[in-house]
> 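Handing you a structure now.
Labels below follow one simple rule: chain letters A, B, ... track the order of the sequence lines, proteins then strands, and each chain is numbered from 1.
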There are 2 protein chains.
Amino acid sequence: MKIEKEDLDQTACTVHHLAIRDTMELLSGKWKLRIVGSLSFGKKRFMGLKANIDGIAAKMLSKELQELELNGLITRTVLNTKPTTVEYELTAYGHSLKPVIDVIADWGTQHRKKIIDEMKL
Amino acid sequence: MKIEKEDLDQTACTVHHLAIRDTMELLSGKWKLRIVGSLSFGKKRFMGLKANIDGIAAKMLSKELQELELNGLITRTVLNTKPTTVEYELTAYGHSLKPVIDVIADWGTQHRKKIIDEMKL
DNA sequence: TTTCATGGTTTCCTGTAGGTAACCGGTTTC
DNA sequence: GAAACCGGTTACCTACAGGAAACCATGAAA
């Protein structure tokens with residue numbers, strides 16, 4: 001049985017697809033990438049995140065944080081303060097997403113420039 | 001008025017957020033990234049894409065392709081064949097997404113490895 | 001003349017993502 | 001004892017993303 005170039009492409013392509021799907025599933029939802037992006041600037045508390053991420057409701061923030069923690073991307077630390085404060089921080093694994101976030105943010109930045117330039121014409 | 005480090009962080013962070021949101025809006029939906037990923041291997045026809053992207057329905061493919069074309073990421077070329085065939089191809093701008101796709105696919109690949117390794121324990 | 005292929009569109013239906021708003025428990029401050 | 005702050009949870013609601021299946025026009029082939 002001969003292996004055609006098409007087959008190789010097909011295989012490479014399938015793996016590619018699986019990988020993309022995996023990443024996007026982990027980062028699914030409107031807010032996860034934003035939360036990770038926010039935390040990539042340093043650890044933050046619940047209210048800090050809520051203030052930092054414009055428009056997010058407490059319910060969503062709490063839910064998304066739980067999923068991120070389940071997936072080992074962030075840690076949740078309850079501090080012994082009064083009133084109780086909770087710190088969220090990227091794990092090492094969470095930090096491994098930095099290249100992903102950065103390249104997405106970079107593309108978005110230059111895309112926004114392009115759109116603005118086009119408006120000026 | 002003094003500019004604090006926090007303010008700078010805040011500004012950097014806001015821009016970051018906008019950029020992330022912009023990119024993700026363009027690539028929103030379950031299939032767009034997969035379509036672009038598929039086309040990054042070379043131009044394809046409608047049926048080729050449908051076969052290549054496991055599970056996508058014609059309706060979704062057609063809809064997503066329209067949006068991608070509107071955003072200038074792909075071109076649609078109707079060929080003078082019988083039966084009519086249509087070629088979809090990434091534009092130069094679409095190709096500029098390659099680093100984004102690649103880094104997402106790379107992360108997904110190593111994430112999948114990690115999960116499999118953890119299962120072996 | 002019936003069937004097959006291409007590249008779709010249309011209709012119908014459903015799950016769920018995500019929004020709003022009220023509420024909660026513990027603690028400190030007024 | 002009322003109000004405020006933190007970090008949530010709960011209940012309720014709905015718009016829309018997305019799936020399934022049927023349908024359509026064109027033309028070639030059988």
> Can you check whether B/I35's main-chain N or O pairs, donor with acceptor, with B/S38's side chain at less than 3.5 Å?
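Checking the backbone N and O of B/I35 against the side chain of B/S38, no donor-acceptor pair under 3.5 Å is found.
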> Taking only residues two or more places apart in sequence, or in another chain, which ones meet B/H17 in a ring-ring contact (aromatic ring centres under 6.0 Å, His included)?
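Here no residue qualifies.
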> Are B/L70 and B/M24 joined in one hydrophobic group, where the rule is that I, L, V, M, F, W and Y side chains link up if heavy atoms are under 4.5 Å apart?
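Different hydrophobic clusters.
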> Under the ring pair (Phe, Tyr, Trp, His ring centres under 6.0 Å) rule, what pairs show up with a residue in residues 98-121 of chain B, not counting sequence neighbours?
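Output for this query lists A/Y93-B/W107, A/Y93-B/H111, B/W107-B/H111.
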> Write down the distance between NZ (A/K50) and P (D/dC5), rounded to a whole number of angstrom.
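It works out to 13 Å between those atoms.
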> Are there any protein N/O atoms within less than 3.5 Å of an N/O atom in nucleotides 23-30 of chain D, and if so, which ones and at what distance?
none

> Is it the case that the side chain of A/K50 and the backbone of A/A57 share a donor-acceptor pair, with hydrogens and angles ignored and the cut-off at 3.5 Å?
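Side chain of A/K50 to backbone of A/A57, a donor-acceptor pair under 3.5 Å: no, none is there.
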> Taking CZ from A/R21 and C1' from D/dG18, how many angstroms apart are they, rounded to a whole number?
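A/R21 atom CZ is separated from D/dG18 atom C1' by 16 Å.
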> Give each stem of DNA chain D as a range with a range, requiring at least 3 consecutive Watson-Crick or G-U wobble pairs whose two distances are under 3.5 Å.
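Stem segments, range with range: C:1-30 with D:1-30.
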> Does any pair with a residue in residues 56-66 of chain A pass salt bridge (Lys or Arg N to Asp or Glu O under 4.0 Å), and if so which ones, sequence neighbours excluded?
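Matches after skipping sequence neighbours: A/K32-A/E64.
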> Check the angle between the aromatic planes of B/H16 and A/F41 and answer parallel, tilted or perpendicular using the 30° and 60° thresholds.
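B/H16 and A/F41: perpendicular rings.
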> Per the salt bridge (Lys or Arg N to Asp or Glu O under 4.0 Å) rule, what does the pair list look like for residues 77-93 of chain B, sequence neighbours excluded?
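Residue pairs with at least one partner in residues 77-93 of chain B: B/K43-B/E87.
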> Give me the first and last nucleotide of DNA chain C, going 5' to 3', that has any atom under 4.0 Å from a heavy atom of chain A.
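The protein-touched segment is C/dG18 to C/dT28.
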> Applying salt bridge (Lys or Arg N to Asp or Glu O under 4.0 Å), name anything that partners B/D102, two or more places apart in sequence or on another chain.
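Salt bridge (Lys or Arg N to Asp or Glu O under 4.0 Å) check on B/D102 returns B/K98.
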> Going by number, which of residues 24-33 of chain A have a non-hydrogen atom under 4.0 Å from DNA chain D?
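Contacting residues: none.
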> Check DNA chain D against residues 55-76 of chain B and give the residues with a non-hydrogen atom under 4.0 Å, in numerical order.
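The answer is B/K59, B/M60.
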> Do A/I101 and A/V36 make a side-chain contact, defined as non-hydrogen atoms from C-beta onward lying under 4.5 Å apart?
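A side-chain contact exists here, since the closest heavy-atom pair is under 4.5 Å.
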> Roughly how far, to the nearest 0.5 Å, is the CE atom of A/M60 from the CG atom of A/L65?
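Rounded to the nearest 0.5 Å, the CG-CE separation comes to 10.5 Å.
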> Can you name the closest pair of heavy atoms from A/P99 and A/S96 and give their distance?
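So the minimum-distance heavy-atom pair works out to CD-O, 3.2 Å.
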> How about A/L97 and A/L27: do any of their side-chain heavy atoms sit closer than 4.5 Å?
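In short, these two side chains touch, coming nearer than 4.5 Å.
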> Apply salt bridge (Lys or Arg N to Asp or Glu O under 4.0 Å) to B/K114 and list each qualifying residue two or more places apart in sequence or on a separate chain.
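B/K114 satisfies salt bridge (Lys or Arg N to Asp or Glu O under 4.0 Å) with B/E118 only.
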> Excluding sequence neighbours, so at least two apart, what forms salt bridge (Lys or Arg N to Asp or Glu O under 4.0 Å) with A/D54?
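Counting only residues at least two positions away or on another chain, A/D54 forms no salt bridge (Lys or Arg N to Asp or Glu O under 4.0 Å).
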